[in-house]
**Q** 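Handing you a structure now.
Predicted model, so just to flag it, every value in this text is computed and none were measured. FYI, side chains are in, hydrogens and waters are out, and symmetry mates aren't considered; it's all heavy atoms of this structure. For the single chain, residues carry numbers from 1 onward in sequence order.
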Amino acid sequence: MKKTVIFIFLLISVLANANIRMPLIFSDGMVLQRDKQIPIWGFADANESVEIHFNKQVKKTTADKNGKWTVNLSAEKAGGPFELTIIGKNKITIKNVLVGEVWICSGQSNMEFQVFKSMNGEKEIADANYPMIRHFGVAQDLSGTPKDDLKQGKWEEANKKNVGNFTAVGYYFARKLYAELKIPIGIINTSWGGTNVETWTSREAFEKSPDFKAMIADVPTLNVDSISKLYARKMKERVEKIQGNPVSSDNEDSFKELSFNDNSWGELNTPSLWENQPLGDLDGVVWMRKTITLTADDLKNNAVLSLAKIDDEDITYVNGIEIGRNTQYDLKRVYSVPGNVLKEGKNVIAVRIVDNSGGGGIYGEAQDLKLNIGSKSIPLDGKWKFRVIVVKTALSPNSYPSLLYNAMVNPLVPYGIQGVLWYQGEANVWRAAEYKKSFPLMITDWRTKFKQGNFPFYFVQLSTFDEFGGNSEKGSRWAELREAQSETLKVPNTGMAVTTDIGNAKDIHPTNKQDIGLRLAAIAMNNIYGKKQVHSGPTYKSQEIKGNQIVLTFDNIGSGLSTPNNVELKGFEIAGADKVFHSAKAIIKDNKVIVSSDQVQNPVAVHYGWADDDTAINLFNKEKFPASPFRTDNWEMLTANEKYKVSK
């Protein structure tokens with residue numbers, strides 16, 4: 001009996017060690033890239049012999065001393081379904097494998113944005129029946145060092161059951177490609193809302209960059225648990241320095257009271273997410289207070305308190321009395337104030353806010369932050385007092401560089417792909433000028449890691465969003481970020497979809513993802529798939545000053561410059577040497593734009609669409625692709641000196 005137990009134990013041990021294992025990306029329903037070598041890799045015992053069968057191919061290899069093995073299958077034409085079989089001391093068969101076009105879809109929330117949330121989402125889901133389109137959803141994960149495999153993920157067919165949770169941009173892109181090519185399309189969705197470009201870039205890329213090597217030298221190479229503890233300590237120290245008070249929940253019951261003295265508290269601009277202010281990438285619990293003064297006549301009317309939106313949870317008090325609470329981060333807070341709560345003289349609004357992840361604080365439109373008393377409206381936007389009482393210890397993707405590259409990109413390397421679709425930038429608007437270096441660095445980094453040449457890298461330029469009210473007079477971080485994206489087109493084999501006409505100034509997540517997918521597909525069809533066509537809008541080329549006018553020349557004009565329905569051109573501004581921009585008259589003549597203003601007799605520079613909210617601009621080509629916003633000057637911008645820093 002004893003010998004039998006020992007034998008079984010040894011057998012289990014041998015089997016446990018011997019089994020070859022495949023990364024999650026190699027699983028039933030997968031799509032492999034056509035017309036290129038097909039990298040296949042996995043894990044086994046050290047020096048274990050491995051045999052791979054696919055279609056009519058048979059390849060043999062041996063695992064290295066660490067148990068990792070890699071082979072390259074010869075290129076295959078589009079087709080399937082096939083089986084991929086891997087044989088070592090055990091055997092794995094991956095079924096329903098297609099060969100076609102594979103694209104990685106990555107970025108932040110606008111790439112993460114699912115089909116069910118997109119314009120006409122219910123109809124799009126009902127109409128989905130594309131078994132040749134497959135989507136692999138990479139589970140969100142963090143790591144301080146590069147991982148060999150993903151946390152979770154699976155391949156799914158584009159049907160009514162699955163498609164609602166696909167990346168909308170990626171799906172509409174894939175659907176257009178399938179309609180044109182009639183071959184399998186695979187999209188690998190590795191995205192995370194609210195993330196900056198630095199977390200998607202490898203440590204090695206920063207170490208080799210003259211612009212970032214000093215920064216990365218200060219970042220420890222640790223496991224996630226160690227990084228989390230270090231991050232929590234540094235975050236707590238940083239917050240205490242900013243607010244001038246300890247991070248403590250002591251006496252927080254008194255924070256809601258009118259009698260509480262908040263003179264020692266810090267101040268935050270409101271409405272605006274904490275991440276867009278010095279408080280930064282904070283998850284935790286924060287009290288915010290606003291004091292207002294009312295008259296005796298005010299008390300005769302019904303009062304309604306509007307607090308725009310609060311990310312994530314709030315409990316709201318007026319003069320110490322709770323008047324409402326909610327846990328929906330994207331819901332406008334509108335609370336009735338009982339008649340006996342308000343007082344003549346000073347009154348205090350106190351809000352206890354819990355932010356679990358991502359953005360935090362009171363945000364939205366300034367006009368939605370008010371106290372209505374009868375027909376009177378008292379604005380509440382501007383400075384609010386704040387006090388952080390809890391700093392959450394959980395690590396966020398933006399806490400340190402490379403965390404998402406390590407966990408959500410490195411495990412995909414070197415999977416065979418055609419290219420990458422990218423939609424990100426909102427999280428980098430505070431460092432827009434530096435994005436001219438950090439974004440190309442990431443593109444080059446991915447190309448280096450995948451070792452598949454300068455594969456196509458197509459990205460979406462940020463659409464309109466009136467976050468800061470920025471414009472030519474005050475400066476515009478969003479315009480500067482769009483400029484950085486435009487300049488990234490200097491990187492070989494890149495393309496950019498302009499979205500000025502399909503954004504929403506009041507919503508950072510516009511729902512029209514269909515046109516974005518189609519515009520990205522138009523670039524791909526022209527550049528890769530042999531369907532030569534106009535695939536982008538006009539881009540600024542040069543200016544010529546003629547008296548009191550500036551004549552602008554453009555590339556990519558297609559069959560000619562135009563405006564929708566031939567209406568008057570909008571969005572152009574002109575300035576002289578004083579750098580003061582004035583709204584300008586602009587006309588199209590001989591496929592050039594002539595810009596002038598009676599207020600500027602000696603013009604020097606032109607701005608087009610230079611604002612957070614560029615909804616009104618309307619220069620297109622006749623193929624209905626919008627022109628990208630631009631400026632003709634090189635004057636210093638708002639973000640010129642803002643650099644990426646890691647908390648110390």
Side-chain angles (χ1 to χ4, degrees), residues 432-433 435-436 461-462 464 469-490 496 498 500-501 534 536-641:
Y435 200 74
K436 295 177 182 179
Q461 189 180 53
L462 296 191
T464 185
N471 53 32
S472 290
E473 179 183 358
K474 298 187 292 184
S476 170
R477 295 179 178 87
W478 282 71
E480 291 179 33
L481 197 287
R482 294 186 195 108
E483 179 181 76
Q485 292 174 312
S486 294
E487 292 202 11
T488 301
L489 291 172
K490 296 174 183 176
M496 182 176 74
V498 178
T500 54
D501 57 324
V534 176
S536 66
T539 52
Y540 167 71
K541 181 180 180 182
S542 63
Q543 73 169 21
E544 182 181 3
I545 300 172
K546 291 186 174 182
N548 67 343
Q549 298 178 333
I550 293 182
V551 181
L552 303 173
T553 303
F554 295 85
D555 289 324
N556 303 312
I557 64 172
S559 55
L561 300 179
S562 70
T563 61
N565 302 315
N566 295 316
V567 298
E568 180 182 357
L569 269 177
K570 298 178 182 178
F572 286 89
E573 300 170 290
I574 196 167
D578 61 1
K579 302 182 181 180
V580 177
F581 282 87
H582 300 269
S583 181
K585 178 183 178 181
I587 60 171
I588 297 170
K589 185 176 181 181
D590 298 327
N591 282 323
K592 297 182 179 182
V593 174
I594 302 172
V595 185
S596 63
S597 170
D598 292 339
Q599 295 174 284
V600 183
Q601 294 305 308
N602 297 296
V604 173
V606 169
H607 280 182
Y608 173 69
W610 201 262
D612 296 4
D613 177 6
D614 57 7
T615 305
I617 65 177
N618 64 348
L619 178 63
F620 289 72
N621 55 27
K622 290 181 180 179
E623 286 75 17
K624 299 183 179 180
F625 287 97
S628 176
F630 65 90
R631 61 181 175 129
T632 68
D633 61 86
N634 61 357
W635 298 330
E636 186 170 279
M637 297 283 100
L638 279 178
T639 64
N641 300 310

**Q** Do side-chain atoms of Gln543 reach the backbone of Ala605 as a donor and acceptor pair under 3.5 angstrom?
**A** no
**Q** Could you go through the side-chain contact (heavy atoms from CB on, under 4.5 Å) check for Asn618 and Leu569 one step at a time?
**A** CA-CA 6 Å; Asn618 64 348; Leu569 269 177; 3.7 Å; yes
**Q** In Å and rounded to the nearest 0.5 Å, what is the OG to NE2 distance from Ser583 to His607?
**A** 13.5 Å
**Q** Which pair of non-hydrogen atoms, one from Pro629 and one from Asp614, has the smallest distance, and what is that distance?
**A** CG-OD2, 3.7 Å
**Q** Using only heavy-atom distances, determine whether the side chains of Ser486 and Gln461 contain a donor-acceptor pair under 3.5 Å.
**A** yes
**Q** Does atom CG of Asp578 have more than 12 heavy-atom neighbours from other groups under 6.0 Å away?
**A** yes
**Q** If I compare all heavy atoms of Ala432 with all of Ala484, which pair ends up nearest, and what's the gap?
**A** O-CB, 3.5 Å
**Q** Measure up the Tyr540 and Phe630 rings against each other and bin them: parallel (under 30°), tilted (30 to 60°), perpendicular (over 60°).
**A** parallel
**Q** Between Leu552, Ile587, Thr632, which is the residue that forms a side chain to side chain contact (heavy atoms under 4.5 Å, CB included) with Val595?
**A** Leu552
**Q** Can you tell if the side chain of Leu619 reaches within under 4.5 Å of the side chain of Phe554, non-hydrogen atoms only?
**A** yes
**Q** Apply side-chain contact (heavy atoms from CB on, under 4.5 Å) to Asn641 and Glu636, showing your working.
**A** CA-CA 9 Å; Asn641 300 310; Glu636 186 170 279; 4.0 Å; yes
**Q** Nearest 0.5 Å please: distance from the CG atom of Asp633 over to the CH2 atom of Trp610.
**A** 7.5 Å
**Q** May I ask you to decide whether Lys592 forms a salt bridge with Asp590, counting only side-chain N to carboxylate O separations under 4.0 Å?
**A** no
**Q** Yes or no on side chain to side chain donor-acceptor pair (under 3.5 Å) for Glu568 and Thr563, after CA distance, side-chain angles and deciding distance?
**A** CA-CA 7 Å; Glu568 180 182 357; Thr563 61; over 6 Å; no
**Q** Atom OG1 of Thr464 and atom CG of Asp613: how far apart are they, to the nearest 0.5 Å?
**A** 3.5 Å
**Q** Quick check: closest heavy atoms across Gly547 and Pro603, and the distance to 0.1 Å?
**A** O-CD, 3.4 Å
**Q** Taking all atoms of both residues into account, what is the closest heavy-atom pair of Ser596 and Ile574, and its distance?
**A** CA-CD1, 4.1 Å
**Q** Tell me, do Ser536 and Met496 make a side-chain contact under 4.5 Å, heavy atoms counted?
**A** no
**Q** Given Asp598 and His582, is the side chain to side chain donor-acceptor pair (under 3.5 Å) satisfied, shown in steps?
**A** CA-CA 9 Å; Asp598 292 339; His582 300 269; over 6 Å; no
**Q** Checking Thr539 against Asn556: is there a side-chain donor and acceptor pair closer than 3.5 Å?
**A** yes
**Q** Run Thr500 and Tyr608 through side-chain contact (heavy atoms from CB on, under 4.5 Å) and show every step you take.
**A** CA-CA 11 Å; Thr500 54; Tyr608 173 69; 5.9 Å; no
**Q** Look only at the side chain of Arg482 and the backbone of Ala611, and say whether a donor-acceptor pair between them is shorter than 3.5 Å.
**A** yes
**Q** Using every non-hydrogen atom in the two residues, find where Asn591 and Leu561 come nearest and quote the distance to one decimal.
**A** OD1-N, 2.9 Å
**Q** Check this for me: Glu487, atom CD, are more than 12 non-hydrogen atoms of other residues, nucleotides or ligands nearer than 6.0 Å?
**A** yes
**Q** Of all the heavy-atom pairs spanning Phe572 and Ala586, show the shortest one and how long it is.
**A** CD1-CB, 3.6 Å
**Q** Looking only at side chains, do Asp612 and Ser476 share a donor and an acceptor under 3.5 Å apart?
**A** yes
**Q** Under the side-chain contact (heavy atoms from CB on, under 4.5 Å) rule, what do Trp635 and Val604 come out as? Steps first, then yes or no, please.
**A** CA-CA 11 Å; Trp635 298 330; Val604 173; 4.1 Å; yes
